[in-house]
Amino acid sequence: MEKLLSGKHILLVEDEVVFRSLLDNFLSALGAVVTLADDGMHSLEILSRSLPDLIICDLAMPRMDGIKLVEHLRSKGNSLPILVISATENMSDIAHVLRLGVQDVLLKPVKDLARLREAVFECLYPSMFTSKVEEDEQLFQDWDALVSDPQAAAKLLKQLQPPVQQTMANCRINYRQLTMAEQPGLVLDVAALSERDLAFYCLDVTRAGDNGVMAALLLRAMFNGLLQEQLSGQGQRLPELGGLLKQVNLLLRQANLKGQFPLLVGYYHQGLKNLLLVSAGLNSTLNINAHQIQLSNGVPLGTMGSTHLNQISQRCDAWQCQVWGTGGRLRLMLSTD
């Protein structure tokens, strides 16, 4: 049986010996030819002789760190796919390398090897995956231009809204939205994480001016990766959404996006029939059969350094969630029938 990465050459740039050995063994077992470098300067020496199919690199390294390595490669017009694996807690560093065009960022410790394998495949075989990867790359390439052109940012955000009806993770999803005029109000995104689970969020962009739109674009690009990290760090299957919102709050601060950002995040596992909802500043009600549950709105992200939110967990195979705030009203519906 042919190994999945047979014929692929991967340059692994990592100064931590034990982790480098773990990645080397994992990638080699999948069939890849792996070349090792212990910092950015060493990797440039290797790249001067041959070009790999993929670079996997850390951010914190001696002599030349990962950020300087990525900056150097991109400034020279080198468009090789790059996967960053780092223990950084600085979300602005992550946003920076994504703007430079790296394909994905994983956070150490990497506890979910299936997620690592998926990230490597997405980098090597981008045509096999959804267009969202291309959308995110384009977003960060155009980030500076969008910051200086709020109208273009708002137009892009509107174009990225999901279809009103779709099927994902073996669930049927549709939504209805009422916003004010043509201005962005409540911004929704829904994404499948696997064949059995999906996640969504609703962000009210009206209370932070132009920063609200930029926060929505940043969240769209970062949300799936942040949630995958929450899932990989959990002993059980369900993520801890409170931790996710803390990460988003920190990301907004480090991106210097000031204002109030009311946000509701949801996660649904089709196999377990379990819905999680957490709100930081948006009003919402959850309808399951004839029962209605009110979710307190909490405090919008960006209001203070810490997060103050409310969460509920319910078992159900069909539900409706109504969300409202300054930016309008939205109803999201899901069924597994």
Side-chain angles (χ1 to χ4, degrees), residues 107 111-112 114-115 162 166-175 186-204 215-216 219-220 222-252 261-301 306-325 329-337:
L107 297 180
K111 298 179 181 179
D112 186 349
R115 169 68 182 124
Q166 57 184 317
T167 299
M168 63 173 64
N170 295 304
C171 300
R172 288 202 301 272
I173 302 169
N174 63 84
Y175 71 96
L186 296 182
V187 174
L188 176 72
D189 191 19
V190 186
L193 302 173
S194 73
E195 294 181 352
R196 297 177 68 83
D197 61 342
L198 58 87
F200 58 91
Y201 63 83
C202 184
L203 176 68
D204 188 343
L219 183 59
R220 178 181 173 87
M222 299 292 292
F223 181 74
N224 280 30
L226 291 173
L227 186 53
Q228 290 282 12
E229 293 300 331
Q230 284 290 328
L231 285 167
S232 66
Q234 296 295 110
Q236 69 274 24
R237 188 66 184 93
L238 299 177
E240 202 283 291
L241 294 184
L244 174 70
L245 264 67
K246 290 178 183 177
Q247 285 185 287
V248 174
N249 200 44
L250 180 62
L251 173 64
L252 294 171
F261 305 94
L263 175 68
L264 179 133
V265 174
Y267 170 86
Y268 184 71
H269 195 289
Q270 185 269 342
L272 300 175
K273 311 294 184 189
N274 206 125
L275 171 68
L276 299 180
L277 280 179
V278 59
S279 178
L282 277 177
N283 301 291
S284 60
T285 57
L286 178 64
N287 292 85
I288 301 173
N289 298 323
H291 301 288
Q292 185 176 87
I293 303 167
Q294 180 80 35
L295 179 61
S296 300
N297 56 1
V299 178
L301 298 187
S306 57
T307 54
H308 296 265
L309 44 92
N310 293 285
Q311 177 170 315
I312 58 175
S313 175
Q314 292 290 318
R315 291 183 60 83
C316 50
D317 54 15
W319 48 265
Q320 294 186 22
C321 181
Q322 297 189 58
V323 186
W324 67 96
R329 182 178 292 267
L330 180 144
R331 182 174 62 178
L332 180 66
M333 294 155 281
L334 178 144
S335 65
T336 58
D337 298 332

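The first residue in the sequence is number 1, and the count goes up from there. The analysis underlying the following values was restricted to heavy atoms, covering all of them including side chains, and did not include hydrogens, waters or symmetry mates.
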Q.
Distance check, rounded to the nearest 0.5 Å: Gln166 atom CD versus Tyr175 atom OH?
A. 8.0 Å

Q: Verify side chain to side chain contact (heavy atoms under 4.5 Å, CB included) between Leu332 and Leu334, making sure each step is shown before the conclusion.
A: CA-CA 7 Å; Leu332 180 66; Leu334 178 144; over 6 Å; no

Q.
Tell me if the CD atom of Glu195 is crowded by more than 12 foreign heavy atoms within 6.0 Å.
A. no

**Q.** Partners passing side-chain contact (heavy atoms from CB on, under 4.5 Å) against Thr285 (at least two apart in sequence or in another chain)
**A.** Asn287, Gln292, Gln294, Gln322, Trp324

(Q) Please evaluate residues Thr336 and Asn170 with respect to the criterion side chain to side chain contact (heavy atoms under 4.5 Å, CB included), reporting the C-alpha separation (whole Å), side-chain torsions for both, the decisive distance (0.1 Å), and the verdict. (A) CA-CA 7 Å; Thr336 58; Asn170 295 304; over 6 Å; no

(Q) Checking Asn274 now: which residues fulfil side-chain hydrogen bond (donor to acceptor under 3.5 Å, both in side chains) with it, not counting sequence neighbours? (A) Ser313

Q) Looking at CG of Leu203 and CG of Leu186, how far apart are the two atoms once the value is rounded to the nearest 0.5 Å? A) 8.5 Å

Q.
Looking at every non-hydrogen atom in both residues, tell me the closest pair between Leu282 and Cys202 and how far apart they are.
A. CD1-O, 3.2 Å

Q) So which heavy atom on Gln270 is nearest to which on Cys171, and how close? A) CG-SG, 3.8 Å

Q) If only atom types and distance count, is the side chain of Arg315 paired as donor or acceptor with the main-chain N or O of Leu272 below 3.5 Å? A) yes

Q: List the atom of Ala192, the atom of Ala169, and the distance in Å for their closest heavy-atom pair.
A: CB-N, 4.4 Å

Q: Could you tell me which non-hydrogen atom of Leu275 sits nearest to which non-hydrogen atom of Cys316, and how far apart they are?
A: CB-SG, 4.1 Å

Q: To the nearest 0.5 Å, tell me how far Ile173 CD1 sits from Leu198 CG.
A: 4.5 Å

Q: Take Leu264 and Leu295, measure what side chain to side chain contact (heavy atoms under 4.5 Å, CB included) needs, and give me the verdict at the end.
A: CA-CA 10 Å; Leu264 179 133; Leu295 179 61; 4.1 Å; yes

**Q.** Distance, nearest 0.5 Å, that separates CD1 of Ile293 from CD of Gln314
**A.** 3.5 Å

Q. About how many Å separate CG of Leu219 and CG of Leu251, when rounded to the nearest 0.5 Å?
A. 8.0 Å

Q | Sole candidate of Val278, Val248, Leu276 that passes side chain to side chain contact (heavy atoms under 4.5 Å, CB included) when paired with Val265 | A | Val278

Q. Within the distance-only criterion (no hydrogens, no angle test), does the side chain of Tyr267 pair as donor or acceptor with the backbone N or O of Asp197 below 3.5 angstrom?
A. no

**Q.** Separation between CG of Leu277 and OG of Ser284, rounded to the nearest 0.5 Å
**A.** 6.0 Å

**Q.** Intermediate values then yes/no, side chain to side chain contact (heavy atoms under 4.5 Å, CB included), Leu245 and Leu263
**A.** CA-CA 9 Å; Leu245 264 67; Leu263 175 68; 4.2 Å; yes

Q: Quick one: list whatever passes ring-ring contact (aromatic ring centres under 6.0 Å, His included) with Tyr201, sequence neighbours left out.
A: Phe223

